Amino acid sequence: MFRDGCRTLLTGTAIVPLSFLPTLPLPASPLVLFGVLLIAGHIGGELVYRITSLPRITGYVLVGMLLGASGLKLLTPELTRIANVFVDIALGLVLFELGRRLDFKWLRHDPWLLVTGLVESALSFGFVFFALVYLGVDPVYAAAAAAIGVATSPAIVLLVTRELGAEGQITERTLALTAINSVISFVMVTMMLSWIHSQYRANWYTVFLHPVYLLLGSVALGFVANHIAKVLARWLRKHERHHFMLLLGLIIITVGCATVFKLSVVLALLAFGVMVRNLDERHDLMAVDMSQVEEMFFVVLFVVGGANLHVSDLLAGSVLAAAFIIARFVGKSLGVLTLTWFSGVRRRHAALLCMGLVPMSGFAVTMMQSAMAEHPEFGSKLGSIVLAAVVVLELIGPLMIQFALRRAGESGVELPDGR
């Protein structure tokens, strides 16, 4: 008979070692986990799309919620930690792609687009901050939550626009404003680290140098990645397959370096993408299509994100969530409706653009991971304020942007069964 975790065989006269067999319980395999999440998420997303015509991303999140803490609890915190390497790669891909969409020539041609991004970010921060303070939230937590709320989810926006095959003025402006307010949000969050450290009586050099290290180090990492990309692209010459492999490899390396050096994956990859788009004056790098690889990681990204959502958070923080969502939407809408007129955007399209900026995902909270790692108590309290709003916005955000792009007439994909 077998015993000791299937590694020995008990015979009538002796115990025969079977060291070639695996031990029990079987260890978790990151590759098996990736494959399971990919297949489960894809099937769930396709079912939701075919049955309801909702964005596939909604299906990915619902599958995650079913498998995770709000459902069957099959995706345990340990398994989601194992999956974080794929989540980081997914974030790297989406942030690089978003940065590559931000064209400085367009901003010089239409400076009101940049002004709109700055103003809607400032207004959304201010409205959320004062709403939370009015409801009794401590100012440091209100400010951190408001800084996170400035960002629109780049992954949701990119995935829905790609799924719809959307092209046009509203699509491009939504992507550009998403890039702008993501950068602003990260800078705000980083600068707030000084305030957070001082609240917990950290030493003075941590208070002042940590934000500087994050900002300058992350941008420098993006600059180095961009320089290496251009040098190797010139050596490889113009060949799409070579440039595809080059950029994919550098994105993964940059994600890894940001993790190793405790820098920001968000800012490093945004900087990399922005520099590839705007500092490549000789056009050494080709604009390769990475959508197939990106989509695989996006599925896993949102399944894991759904697994981390707790319906109990929504019930516990309903008042703060409602205030957060309303204040955020009012701030962004006020900025967009007031200023897009100067860029020649009609009022109806400006209203649709406001809806396109609604999406927000739980990964926005990861921008505070440096503070939460050093001050777990801060992360716990911040989560209790923000996560209820995240549950709502991660579910309704894809629907809002899908509706906006279809009403704008920029969707290039027909609904299933002609709906």
Side-chain angles (χ1 to χ4, degrees), residues 29-35 37-38 41-42 81-103 154-155 157-159 162 175 179 182-183 186 214 216-305 363 366-367 369:
S29 168
L31 293 179
V32 172
L33 181 61
F34 181 84
L37 295 179
L38 180 62
H42 182 71
R81 280 194 295 272
I82 293 172
N84 278 344
V85 62
F86 305 116
V87 169
D88 286 342
I89 293 172
L91 285 173
L93 287 165
V94 70
L95 290 164
F96 173 81
E97 182 65 28
L98 186 70
R100 201 163 56 167
R101 297 277 188 136
L102 191 58
D103 188 353
V157 172
L158 273 174
L159 196 58
R162 185 171 293 163
L175 287 165
S182 293
V183 172
F186 176 76
L214 274 179
L216 297 185
S218 300
V219 172
L221 180 58
F223 177 81
V224 170
N226 174 64
H227 181 71
I228 293 172
K230 290 193 294 184
V231 170
L232 292 179
R234 284 195 290 269
W235 182 79
L236 291 169
R237 299 177 185 176
K238 298 284 186 179
H239 194 294
E240 186 173 359
R241 182 172 63 87
H242 293 329
H243 286 218
F244 173 86
M245 298 298 289
L246 171 63
L247 286 175
L248 179 60
L250 281 172
I251 289 169
I252 295 173
I253 290 170
T254 305
V255 169
C257 288
T259 303
V260 168
F261 291 105
K262 295 185 177 182
L263 297 171
S264 167
V265 172
V266 176
L267 188 57
L269 271 298
L270 269 174
F272 185 17
V274 168
M275 291 175 188
V276 163
R277 177 62 181 265
N278 296 282
L279 300 184
D280 186 15
E281 297 177 355
R282 295 172 50 179
H283 301 289
D284 294 313
L285 281 162
M286 299 177 67
V288 296
D289 180 14
M290 305 181 73
S291 58
Q292 292 296 318
V293 172
E294 288 173 348
E295 187 164 351
M296 287 194 306
F297 285 96
F298 285 0
V299 173
V300 175
L301 175 73
F302 283 101
V303 173
V304 174
F363 296 103
T366 63
M367 290 190 292
Q369 62 187 1

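This is a predicted model, so every value here is computed, not measured.
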Roughly how far, to the nearest 0.5 Å, is the [atom2] atom of [Y] from the [atom1] atom of [X]?
{"X": "Asn84", "Y": "Ile89", "atom1": "CG", "atom2": "CD1", "result": "11.0 Å"}
{"X": "Leu279", "Y": "Leu285", "atom1": "CG", "atom2": "CG", "result": "11.5 Å"}
{"X": "Phe297", "Y": "Leu37", "atom1": "CZ", "atom2": "CG", "result": "12.0 Å"}
{"X": "Leu221", "Y": "Phe272", "atom1": "CG", "atom2": "CZ", "result": "9.5 Å"}
{"X": "Leu267", "Y": "Leu214", "atom1": "CG", "atom2": "CG", "result": "9.0 Å"}
{"X": "Leu38", "Y": "Met296", "atom1": "CG", "atom2": "CE", "result": "7.0 Å"}

Minimum-distance pair of heavy atoms, taken over all atoms of [X] and [Y]:
{"X": "Leu33", "Y": "Ala83", "value": "CD2-CB, 3.8 Å"}
{"X": "Ala258", "Y": "Val265", "value": "CB-CG2, 3.9 Å"}
{"X": "Ala225", "Y": "Leu250", "value": "O-CD1, 3.9 Å"}

* To do: Please assess Leu159 against Phe302 for the test side chain to side chain contact (heavy atoms under 4.5 Å, CB included), listing each intermediate value before the final yes or no.
  => CA-CA 11 Å; Leu159 196 58; Phe302 283 101; 4.2 Å; yes
* Would you indicate whether His243, at its atom NE2, is surrounded by more than 12 heavy atoms from other residues, nucleotides or ligands within a distance under 6.0 Å? =>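 It does: His243 NE2 has more than 12 such atoms within range.
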* With a cut-off of 6.0 Å (strictly less than), are more than 12 heavy atoms of other residues, nucleotides or ligands near CZ of Phe223? ->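 Not buried by this count: 12 neighbours or fewer within 6.0 Å.
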* Asked: If only atom types and distance count, is the side chain of Thr254 paired as donor or acceptor with the main-chain N or O of Leu269 below 3.5 Å?
  ->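 Side chain of Thr254 to backbone of Leu269, a donor-acceptor pair under 3.5 Å: no, none is there.
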* Check whether any side-chain N or O of Asp280 sits under 3.5 Å from a backbone N or O of Asn226 as a donor-acceptor pair, and report yes or no. =>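 Checking the backbone N and O of Asn226 against the side chain of Asp280, no donor-acceptor pair under 3.5 Å is found.
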* May I have all residue pairs that pass side-chain hydrogen bond (donor to acceptor under 3.5 Å, both in side chains) and include part of residues 227-238, sequence neighbours excluded? =>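 Only Arg234-Asp284 qualify under side-chain hydrogen bond (donor to acceptor under 3.5 Å, both in side chains).
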* To do: Take Met245 and Leu236 through the side chain to side chain contact (heavy atoms under 4.5 Å, CB included) test and state the conclusion after the steps.
  => CA-CA 11 Å; Met245 298 298 289; Leu236 291 169; over 6 Å; no
* Kindly determine whether Met290 and Ile251 satisfy side chain to side chain contact (heavy atoms under 4.5 Å, CB included), including the steps that lead there. => CA-CA 11 Å; Met290 305 181 73; Ile251 289 169; 4.0 Å; yes
* Considering the options Ser264, Pro154, Ser182, which one meets the side-chain contact (heavy atoms from CB on, under 4.5 Å) requirement together with Leu95? ->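 The side-chain contact (heavy atoms from CB on, under 4.5 Å) with Leu95 is passed solely by Pro154 among Ser264, Pro154, Ser182.
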* With a 4.0 Å cut-off, would you call Arg162 and Glu295 a salt bridge? ->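 No.
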* Phe244 and Val293: side chain to side chain contact (heavy atoms under 4.5 Å, CB included), yes or no, with the steps? -> CA-CA 10 Å; Phe244 173 86; Val293 172; 3.4 Å; yes
